[in-house]
Structures are given as C-alpha cells and as structure tokens.
Amino acid sequence: MALSEELLRVEDLRVYFSTERGLVRAVDGVGFVLPKGATYALVGESGCGKSVTALALARLVDEPPGYYAGGRVLLRGRNVLEMEEGELRRLRGNEISYVFQEPAVSLNPVFRIGYQLAEAIRLHRRGVNVREEVLALLKMVGLPDAESKMKEYPHRLSGGMQQRVMIAMALACRPAVLVADEPTTALDVTIQAQILELLARLQRELGMAVLLITHNLGLVADLAERLLVMYAGRIVEAGPTLDLLRGPRHPYTRGLLAAVPRLRSVGGEVRGIRGSVPNPLRLPEGCKFHPRCPFASDICRRVEPEDEWDGERVVRCHRWREI
C-alpha cells in the first residue's frame with residue numbers, strides 16, 4: 001500500500017472503562033490502516049469491542065467513565081486523541097461521520113426530517129443553499145418523493161426510510177470516513193440488502209472510506225475488501241475478505257463462519273460457538289478465546305499469542321498452522 005493512499009491509521013488503541021467492580025479493557029491494543037476509498041468490515045460477537053472502537057475514531061467515548069489508555073488514531077497524519085475540543089467539533093460529521101443502528105432512536109422525534117438534515121449543513125457547510133442540499137441528499141439516498149418526506153416527522157417513515165435519512169445525514173458534509181455501526185439491525189432481510197447496496201453505491205460515487213461494523217459475516221462478502229475479526233477487545237484475524245472467508249485461520253473466525261446459515265443446507269445443523277464472550281472484568285489468562293476453543297492446548301491457556309503475519313494476512317493464534 002502506498003503511503004499516499006493511507007487515510008486513517010489506528011495504532012495500539014486502548015480504551016478502558018473504570019467501574020465500581022473493576023477495570024474493563026473494552027479495546028486493548030487494536031491497530032489497522034484504512035486506505036482512501038476502501039471498505040473494511042469489523043466483525044465479531046456483541047461485547048467484543050467493535051462499537052467502542054468505532055466511537056474512539058472520533059473520540060466519542062464518554063470520559064469518564066471511559067478513558068484512552070494508549071495508542072493513536074491518525075486521520076491524515078493528525079492524532080485525533082490529542083485534538084482540542086474545537087478541532088473535534090470540526091472533525092465530527094465533517095471528516096468522520098456515523099450511521100448508527102436503530103435509526104428510530106437516533107433521529108429526534110420532535111423535529112422534521114428536513115430540519116435535522118439542515119442542521120449539519122448549516123454547521124459545517126456555509127454558503128450553500130440548505131434547502132436544495134437537503135433535497136439533493138434525500139434523492140441521493142433513494143428516498144421517494146423527497147420534497148414531501150423532508151416535511152415529515154421520523155415516526156411517519158418506515159424503518160428502511162429512517163435509515164436512508166440517517167445515511168443522508170452522515171453524508172451531509174461529504175466525510176472522508178463513514179462508519180456504519182450495525183446499519184441493518186432491526187430491518188427485514190429485503191431492506192437490509194437495499195441499505196447495503198446503497199452504501200456500496202455511495203462509497204463508489206463519493207470515494208469515501210467505509211468501516212462497516214457487524215456481527216454478521218454473511219453481510220460482508222460483496223461489500224468489504226478487508227475483514228477484521230475482533231474478540232475480547234483485540235483483532236484476532238485480518239486479511240482480504242475473500243481469502244479469509246475461504247480459508248479462515250483463527251478458530252474464532254471458523255466458528256463465526258460455521259454459524260452463518262446457508263440456503264443449501266436446509267434442514268442441516270447450524271453450528272454455533274460454545275460458551276459466550278468472557279466477562280471483561282474477568283478475562284482468562286493466555287489466549288482470551290481458549291475456554292471456547294476446540295483446539296486449545298496448554299500454551300493457549302498460559303501465554304497470550306502475538307500477531308503473526310503471512311503476506312496480507314495476520315492471525316493471533318498459537319496453533320493456526322496446525323489446525
């Protein structure tokens with residue numbers, strides 16, 4: 001990868017939370033590089049640290065109870081974690097934007113759609129015709145009868161339409177990086193496909209870098225170029241999406257793939273991963289996945305594995321060459 005292509009670099013990011021019961025290491029040494037115009041997917045079960053990683057990119061984790069214990073988030077070479085509040089306000093929505101899950105919760109129920117879109121435009125893009133820009137954004141995201149919809153309150157729109165409005169709000173300032181955190185949650189399968197197709201089209205047209213956060217490996221094959229698999233606050237495997245899906249190396253990635261239902265196996269067993277994500281207050285010694293891993297050996301229980309690189313692939317597992 002040429003240096004000129006690099007847009008966002010995350011190095012050894014650590015985000016911890018101080019609680020009455022102890023310290024929670026929600027993100028514990030995450031690193032990746034997102035090039036300009038690329039789409040990456042960050043996947044893993046709920047509780048693995050995906051959303052905290054996403055929020056940390058624009059320093060949106062509340063301090064306290066959270067705090068940044070180490071690492072850097074470099075956007076075009078500037079460390080977001082060292083920015084003053086004024087710089088952060090210019091960054092958020094302008095250079096890094098978010099599409100969150102549950103659009104009905106994210107949209108303000110007492111303001112019309114057009115007003116909520118106009119707010120971001122007035123804040124970051126002076127000198128443009130706000131009404132025309134709002135209409136253009138709603139049309140860009142494929143909202144039918146955009147002029148009428150901009151006058152509606154959120155509750156008058158379907159879930160799919162609400163999510164299109166959220167995408168329009170995220171794109172209002174033409175960000176360099178779009179973070180889509182579980183953007184299809186609570187939508188039916190048909191609408192999920194439409195939203196993902198919309199994100200893919202807009203990424204191509206606008207040249208944004210996209211970080212897609214999801215727990216569903218079935219969504220990423222046609223959308224993301226590179227896959228980052230996260231477990232217990234760490235990235236345990238990463239690589240080009242198709243390579244990783246065809247030949248997963250980490251037992252956790254294998255388990256996630258085995259849990260994806262397949263049309264050709266109607267009536268067959270869908271295998272899950274035994275157990276659950278460990279309590280972040282009581283993480284196991286050694287490899288954090290070993291209590292759930294069918295291949296765990298004594299070294300897995302005693303020693304935390306390091307990243308092992310093989311070309312464009314990286315895996316954090318003692319035994320990946322053997323299994």
Side-chain angles (χ1 to χ4, degrees), residues 10-19 21-32 40-54 56 66 69-71 182 213-218 220 226-241 243-261 269-323:
V10 178
E11 296 179 344
D12 195 29
L13 178 64
R14 299 175 187 270
V15 185
Y16 298 167
F17 291 84
S18 296
T19 73
R21 297 166 59 193
L23 185 66
V24 173
R25 294 176 170 85
V27 178
D28 200 17
V30 164
F32 60 89
Y40 283 11
L42 182 61
V43 303
E45 296 166 284
S46 296
C48 286
K50 306 185 304 297
S51 292
V52 176
T53 299
E182 302 278 8
I213 313 292
T214 182
H215 64 274
N216 188 348
L217 274 170
V220 303
R226 189 170 179 85
L227 196 57
L228 314 172
V229 182
M230 194 166 187
Y231 187 78
R234 296 169 171 85
I235 292 175
V236 296
E237 184 169 5
T241 300
D243 290 350
L244 195 146
L245 293 179
R246 290 169 180 160
R249 292 174 175 172
H250 198 284
Y252 180 60
T253 311
R254 293 186 181 193
L256 290 177
L257 282 169
V260 176
E269 181 182 2
V270 176
R271 293 173 293 159
I273 305 173
R274 68 179 185 179
S276 58
V277 177
N279 184 332
L281 292 167
R282 294 190 298 274
L283 291 174
E285 295 294 324
C287 174
K288 304 302 179 262
F289 186 61
H290 87 254
R292 308 173 69 188
C293 180
F295 306 104
S297 63
D298 184 58
I299 191 173
C300 305
R301 300 179 184 93
R302 293 186 294 103
V303 181
E304 175 74 27
E306 300 290 335
D307 288 345
E308 291 191 37
W309 284 88
D310 180 17
E312 294 185 82
R313 302 280 298 272
V314 60
V315 61
R316 184 184 285 251
C317 176
H318 290 297
R319 304 195 59 204
W320 70 272
R321 296 181 188 275
E322 309 167 30
I323 59 178

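This is a predicted model, so every value here is computed, not measured.
- Under the 4.5 Å side-chain criterion, counting only non-hydrogen atoms from C-beta, Asp307 is not in contact with Val315.
- Considering only residues two or more places apart in sequence or on other chains, Ala54 meets the side chain to side chain contact (heavy atoms under 4.5 Å, CB included) condition with Tyr98, Val179, Ile213.
- A donor-acceptor pair is defined here as one N or O able to donate and one able to accept, closer than 3.5 Å; such a pair exists between the side chain of His318 and the backbone of Val303.
- With sequence neighbours excluded, the residues that form a side chain to side chain contact (heavy atoms under 4.5 Å, CB included) with Thr241 are Val220, Ala224, Leu227, Leu245.
- Residues satisfying the side chain to side chain contact (heavy atoms under 4.5 Å, CB included) criterion with Ser276, sequence neighbours excluded, are absent altogether.
- A donor-acceptor pair is defined here as one N or O able to donate and one able to accept, closer than 3.5 Å; no such pair exists between the side chain of His215 and the backbone of Val43.
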Please output the side-chain donor-acceptor pairs of residues 21-29 that fall under 3.5 Å, not counting sequence neighbours, one pair per line with the distance.
{"unit_1": "Asp28", "atom_1": "OD1", "unit_2": "Arg14", "atom_2": "NH1", "d": "2.7"}
{"unit_1": "Asp28", "atom_1": "OD1", "unit_2": "Tyr16", "atom_2": "OH", "d": "2.6"}
{"unit_1": "Asp28", "atom_1": "OD2", "unit_2": "Arg234", "atom_2": "NH2", "d": "2.9"}

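- Counting only residues at least two apart or on different chains, the salt bridge (charged side-chain N to carboxylate O under 4.0 Å, His left out) pairs with a member in residues 279-292 are Glu45-Arg292, Lys288-Glu304.
- Counting only heavy atoms from C-beta outward, the side chains of Pro251 and Cys317 approach each other to under 4.5 Å.
- The aromatic rings of Tyr231 and Tyr252 are tilted relative to each other, their planes meeting at an angle between 30° and 60°.
- Atoms CZ and CZ, from Phe295 and Arg319 in turn, are 8.0 Å apart once rounded to the nearest 0.5 Å.
- Counting heavy atoms from C-beta outward, Phe289 and Arg316 have side chains that stay 4.5 Å or more apart.
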Stepwise side-chain contact (heavy atoms from CB on, under 4.5 Å) test for Met230 and Val30: CA-CA 9 Å; Met230 194 166 187; Val30 164; 3.6 Å; yes
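- Shortest non-hydrogen contact noted between Ile235 and Gly31 is CD1-O, 3.8 Å.
- Annotation: the span from Ile323 atom CD1 to His250 atom NE2 amounts to 8.0 Å, rounded to 0.5 Å.
- Counting non-hydrogen atoms of other residues, nucleotides and ligands closer than 6.0 Å to CD of Glu322 gives a total above 12.
- In this structure the side chain of Asp310 reaches within 4.5 angstrom of the side chain of Trp320, judged on heavy atoms.
- Of all heavy-atom pairs between Pro278 and Pro284, the closest is CB-CD, 3.9 Å.
- Arg301 places a side-chain N or O within donor-acceptor distance of the main-chain N or O of Ser297, the cut-off being under 3.5 Å.
- With sequence neighbours left out, Arg313 forms a side chain to side chain contact (heavy atoms under 4.5 Å, CB included) with Glu237, Pro240, Asp243, Leu244, Arg249.
- The two residues Ala56 and Leu13 have their closest heavy-atom pair at CB-CD2, 3.9 Å.
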